[in-house]
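Following: one structure in structure tokens, then a few remarks.
Source: prediction; values computed, not measured.
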Amino acid sequence: QVQLVESGGGLVQAGGSLRLSCSASGSIFSFVAMGWYRQAPGKQRELVATISSGGRINYVDSVKGRFTISWDNAKNTVYLQMNSLKPEDTAVYYCSAEVILISRSRPPNYWGQGTQVTVAS
């Protein structure tokens, strides 16, 4: 019903930048919130940043001041600009969407397939 397509991951040197994109499509009536999560090897998935339809933004403390989440309503796309990347940012990054469907139902969050971000020291 909802598809999330991520792009923008890759390999970068410490101190470098990457921008992740996540485009949503499907039977979406409206968005409640979108966000980025990450999972490093051997660790649990953690929230990186979220943005609500009302513009409320949250970041995990470790990325504050370095990462910026933004949302293009016209394109149904959420971005994560990552600057000053550190080796500990290495993880698979997942996009998540909380939506209300055209049917007016509100299913559990949808998830993208993940995109690998590797930061070399």
Side-chain angles (χ1 to χ4, degrees):
Q1 290 174 311
V2 175
Q3 297 77 41
L4 302 178
V5 179
E6 300 147 341
S7 61
L11 172 65
V12 65
Q13 293 293 316
S17 298
L18 285 173
R19 189 176 82 152
L20 305 182
S21 301
C22 173
S23 296
S25 62
S27 304
I28 301 169
F29 174 73
S30 65
F31 289 89
V32 178
M34 293 191 77
W36 289 96
Y37 294 72
R38 65 186 180 187
Q39 187 167 17
K43 295 187 177 181
Q44 291 187 332
R45 188 173 298 188
E46 67 169 351
L47 180 150
V48 176
T50 60
I51 182 168
S52 73
S53 59
R56 178 171 294 181
I57 291 175
N58 289 302
Y59 296 101
V60 66
D61 286 346
S62 60
V63 308
K64 287 181 180 177
R66 300 188 297 122
F67 290 12
T68 303
I69 190 171
S70 60
W71 191 347
D72 186 330
N73 279 320
K75 297 181 179 180
N76 283 355
T77 299
V78 64
Y79 303 95
L80 185 68
Q81 178 66 44
M82 306 185 293
N83 298 329
S84 302
L85 282 161
K86 304 176 180 180
E88 50 263 45
D89 294 318
T90 295
V92 178
Y93 284 69
Y94 297 91
C95 173
S96 177
E98 182 179 357
V99 305
I100 298 174
L101 298 177
I102 292 175
S103 63
R104 300 304 191 267
S105 65
R106 190 165 171 174
N109 285 19
Y110 290 91
W111 294 88
Q113 78 284 0
T115 184
Q116 177 70 46
V117 171
T118 302
V119 184
S121 58

From R38 atom CZ to E88 atom CD, the distance as rounded to the nearest 0.5 Å: 8.5 Å
Is V48 reachable from Y79 through a run of I, L, V, M, F, W or Y residues, each pair having side-chain heavy atoms under 4.5 Å apart? no
Kindly give the heavy-atom pair with the smallest separation between Q39 and K43, and that separation in Å. NE2-O, 3.1 Å
Exactly one of I51, L47, L80 clears side-chain contact (heavy atoms from CB on, under 4.5 Å) with W36, and that residue is L80
For S96 and N109 the tightest heavy-atom approach is OG-ND2, 3.1 Å
May I ask you to decide if T68's main-chain N or O and Q81's side chain share a donor-acceptor pair within less than 3.5 Å? no
Same cluster (ILVMFWY, side-chain, under 4.5 Å), M34 and I100: no
Would you check if there is a donor-acceptor pair between the side chains of T90 and T118 at a distance under 3.5 Å? no
Can you name the nearest heavy-atom pair linking G9 to V117, along with the distance? CA-CG2, 4.2 Å
Point-to-point distance, once rounded to the nearest 0.5 Å, from CD of E98 to OG of S30: 10.0 Å
Do L20 and Y59 sit in one hydrophobic cluster, given that two such residues count as connected whenever their side-chain heavy atoms are within less than 4.5 Å of each other, even indirectly? yes
Is it the case that the side chain of S105 and the backbone of S103 share a donor-acceptor pair, with hydrogens and angles ignored and the cut-off at 3.5 Å? no
S84 versus S17, closest heavy-atom pair with distance: N-OG, 4.3 Å
For the residue pair P87 and A14, what are the closest heavy atoms and their distance? CD-CB, 4.1 Å
Can you list the steps and then say if K86 with D89 is a salt bridge (Lys or Arg N to Asp or Glu O under 4.0 Å)? CA-CA 5 Å; K86 304 176 180 180; D89 294 318; over 6 Å; no
After noting the C-alpha distance and the side-chain angles of F31 and W71, does the key distance pass the ring-ring contact (aromatic ring centres under 6.0 Å, His included) rule? CA-CA 11 Å; F31 289 89; W71 191 347; 5.3 Å; yes
Can you tell me how far the OG atom of S27 sits from the CD1 atom of I102, to the nearest 0.5 Å? 4.5 Å
Can I57 be reached from V60 by stepping across I, L, V, M, F, W or Y side chains whose heavy atoms are under 4.5 Å apart? yes
Using modelled atom types and a 3.5 Å cut-off, is there a donor and acceptor pairing between side-chain atoms of R106 and backbone atoms of R104? no
Grouping I, L, V, M, F, W and Y whenever their side-chain heavy atoms are under 4.5 Å apart, do M82 and Y37 come out in a common cluster? no
Take V119 and L18, measure what side-chain contact (heavy atoms from CB on, under 4.5 Å) needs, and give me the verdict at the end. CA-CA 10 Å; V119 184; L18 285 173; over 6 Å; no
Looking at Q116 and V92, what are the two nearest heavy atoms and their distance? OE1-CG2, 3.2 Å
Once you measure the plane-to-plane angle for W111 and Y94, does it fall in the parallel (<30°), tilted (30-60°) or perpendicular (>60°) bin? perpendicular
side-chain contact (heavy atoms from CB on, under 4.5 Å), paired with E6, selected from S23, C95, S21: C95
